[in-house]
> 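Structure incoming, see below.
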Amino acid sequence: MMQQRPTSRVRPRWCWLSLAAAFCWHIVPASAATAAEVSDAFARQARYLAQQAQSYEHGEGVRRDPEHAAVLYCEAARLGDPEAIYALGWMYANARGVARNDAYAGTLFAMAAFLGNEHAARMMRYTGDYTGAVPDCLHPPPSTVLEYWPADEMIASMSGDRQRIARILVEHAPKFGIQPRLALAIALAESNLDATALSPKNAMGVMQLIPDTAARFNVRKPLDPEDNIKGGLAYLRWLLSYFEGDIALAAAGYNAGEGAVERYRGVPPYPETRRYVERILAFVRNRRHPFDSSIVSPSQVTSASNLSAQKEQD
């Protein structure tokens, strides 16, 4: 790997990074001038954080502290600074202040290249292409996206039947410890809130329960919307507990079965499942969800992942 990291001057953009892409938040202020001032303020803050990170990375005027530099780069990256995104990718590619992770590095380089960084695309030859994986520090906190998401506005825009189904879903989700946004994401991906949906594989109803899953979670009337939703939420709660709150793995398990996730030690390589997981993550804009550890012992997939992460920290 390269030992010196080249830099370039690129005008920063104000964006929020998530697992799948760079999401730009738009403010509707009192005037266009206010919007420009706010955007410029965030850009200047991002650039300041990136400059501070560079000082700690190289020990310029301060003690050299790569770990602290990585934290500052991540904060600047959250504000959409291309140089910070590239620098953070470089640190993951070279194990500088963080454990080496080429999946993170490749994604960060791809994002930086998209935002105009001239060096990032060349670095991808060493780390590989965009994978969608990013460090936890770039994920929005669950409370800002899932817990306080106002469902009413979205539900009010739906047609009569779908609105009725959505309200049943949102009403029951908290009773199963499921945030309404995730519950709605699963139901929309499964059936588009169609209580009469029946797949070629005999998956039934709003939550598309196959007969074995319906029996497993005591669903006696799988085409009854409420009974079907309760069964689907019970299964989703189980999956979140089994995969210790990892939404990507829980969604993959819902689509392909937890056995497939176990066999492949992660999201299975099935195109349908990959698209399904991407759709769920794009909707909830988070990868973590609270879970009840008393429901089931954790999967070996997440246990091994957590152990590896702990060893890296130690």
Side-chain angles (χ1 to χ4, degrees), residues 15-23 25 70-71 74-75 77-78 80 85 88-89 92 98-99 101-108 110-111 129-149 173 176-190 233 235-256 258 260-262 264-270 273-293 298-310 312-313:
C15 296
W16 180 281
L17 297 176
S18 81
L19 181 68
F23 291 97
W25 292 84
V71 172
C74 204
E75 285 299 309
R78 283 166 64 95
I85 298 168
L88 187 61
Y92 274 105
V98 293
N101 190 314
D102 284 349
Y104 288 171
T107 296
L108 290 164
M111 288 177 170
D129 295 330
Y130 175 91
T131 65
V134 294
D136 287 342
C137 63
L138 292 184
H139 291 296
S143 61
T144 65
V145 176
L146 286 171
E147 188 173 356
Y148 301 112
W149 175 64
F176 289 84
I178 308 296
Q179 303 291 357
R181 186 174 188 129
L182 176 59
L184 195 55
I186 295 291
L188 287 169
E190 289 292 333
L233 291 173
Y235 183 34
L236 184 56
R237 175 178 60 185
W238 188 94
L239 288 167
L240 286 167
S241 178
Y242 190 55
F243 293 118
E244 297 187 285
D246 189 311
I247 292 176
L249 296 183
Y254 200 101
N255 179 263
E258 63 268 19
V261 178
E262 292 280 352
Y264 288 101
R265 311 296 293 175
V267 177
Y270 313 144
T273 302
R274 291 287 175 90
R275 290 192 298 269
Y276 182 92
V277 171
E278 288 173 3
R279 178 177 177 180
I280 299 300
L281 291 176
F283 191 91
V284 300
R285 294 192 294 187
N286 208 320
R287 195 177 176 110
R288 305 298 305 174
H289 189 287
F291 65 95
D292 184 348
S293 61
S299 161
Q300 292 184 355
V301 174
T302 50
S303 294
S305 176
N306 291 339
L307 180 61
S308 175
Q310 183 61 46
E312 289 179 358
Q313 292 176 0

> Of the non-hydrogen atoms in Glu262 and Gln300, which two are nearest, and what is the gap between them?
OE2-N, 3.9 Å
> When you compare the side chain of Phe291 with that of Phe243, does any pair of heavy atoms fall below 4.5 Å?
no
> Look up atom CG in Asn286 and atom CD1 in Ile280, then write down how far apart they are to the nearest 0.5 Å.
13.5 Å
> What is the minimum heavy-atom distance between Leu108 and Pro135, and which atoms define it?
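Smallest interatomic distance, heavy atoms only, reads CD1-CD, 4.3 Å.
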> Provide the closest heavy-atom pair for Ala256 versus Ala260 in the form atom of the first, atom of the second, distance.
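Scanning both residues completely, I find the closest heavy atoms to be O-CB, 3.7 Å.
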> Does Ser241 reach the main-chain N or O of Arg237 with its side chain, forming a donor-acceptor pair under 3.5 Å?
no
> Write down the atom of Val98, the atom of Ala70, and the distance for their closest heavy-atom approach.
CG1-CB, 3.7 Å
> Under a 4.5 Å cut-off applied to non-hydrogen side-chain atoms, are Val261 and Val267 in contact?
no
> To the nearest 0.5 angstrom, please state how far the CG atom of Leu88 sits from the CG atom of Leu138.
6.5 Å
> Looking only at atom types and distance, does a side-chain atom of Arg287 sit under 3.5 Å from a main-chain N or O of Ala248, one as donor and one as acceptor?
no
> Starting at CZ of Arg275, measure out to CG of Asn255 and round the result to the nearest 0.5 Å.
9.5 Å
> Rounded to the nearest 0.5 Å, what separation is found between the CD1 atom of Ile178 and the CG atom of Leu236?
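Result: 4.0 Å between the selected atoms.
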> Using every non-hydrogen atom in the two residues, find where Gly80 and Ile85 come nearest and quote the distance to one decimal.
C-CD1, 4.3 Å
> Between the side chain of Ser299 and the main-chain N/O of Tyr242, is any donor-acceptor distance below 3.5 Å?
no
> Tell me, do Val134 and Met111 make a side-chain contact under 4.5 Å, heavy atoms counted?
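Side chain of Val134 against side chain of Met111, heavy atoms only: contact under 4.5 Å found.
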> Can you tell me how far apart CD1 (Ile247) and CG (Leu240) are? Round to the nearest 0.5 Å.
7.0 Å
> Is the distance between the ring centroids of Tyr270 and Tyr264 under 6.0 Å?
yes
> Can you tell me how far the CZ atom of Arg279 sits from the CD1 atom of Ile186, to the nearest 0.5 Å?
10.0 Å
> So, Arg274 side chain and Pro268 main chain: donor-acceptor pair closer than 3.5 Å or not?
yes
> For the residue pair Gln179 and His289, what are the closest heavy atoms and their distance?
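Where Gln179 meets His289 most closely, the heavy atoms are N-NE2, 3.0 Å.
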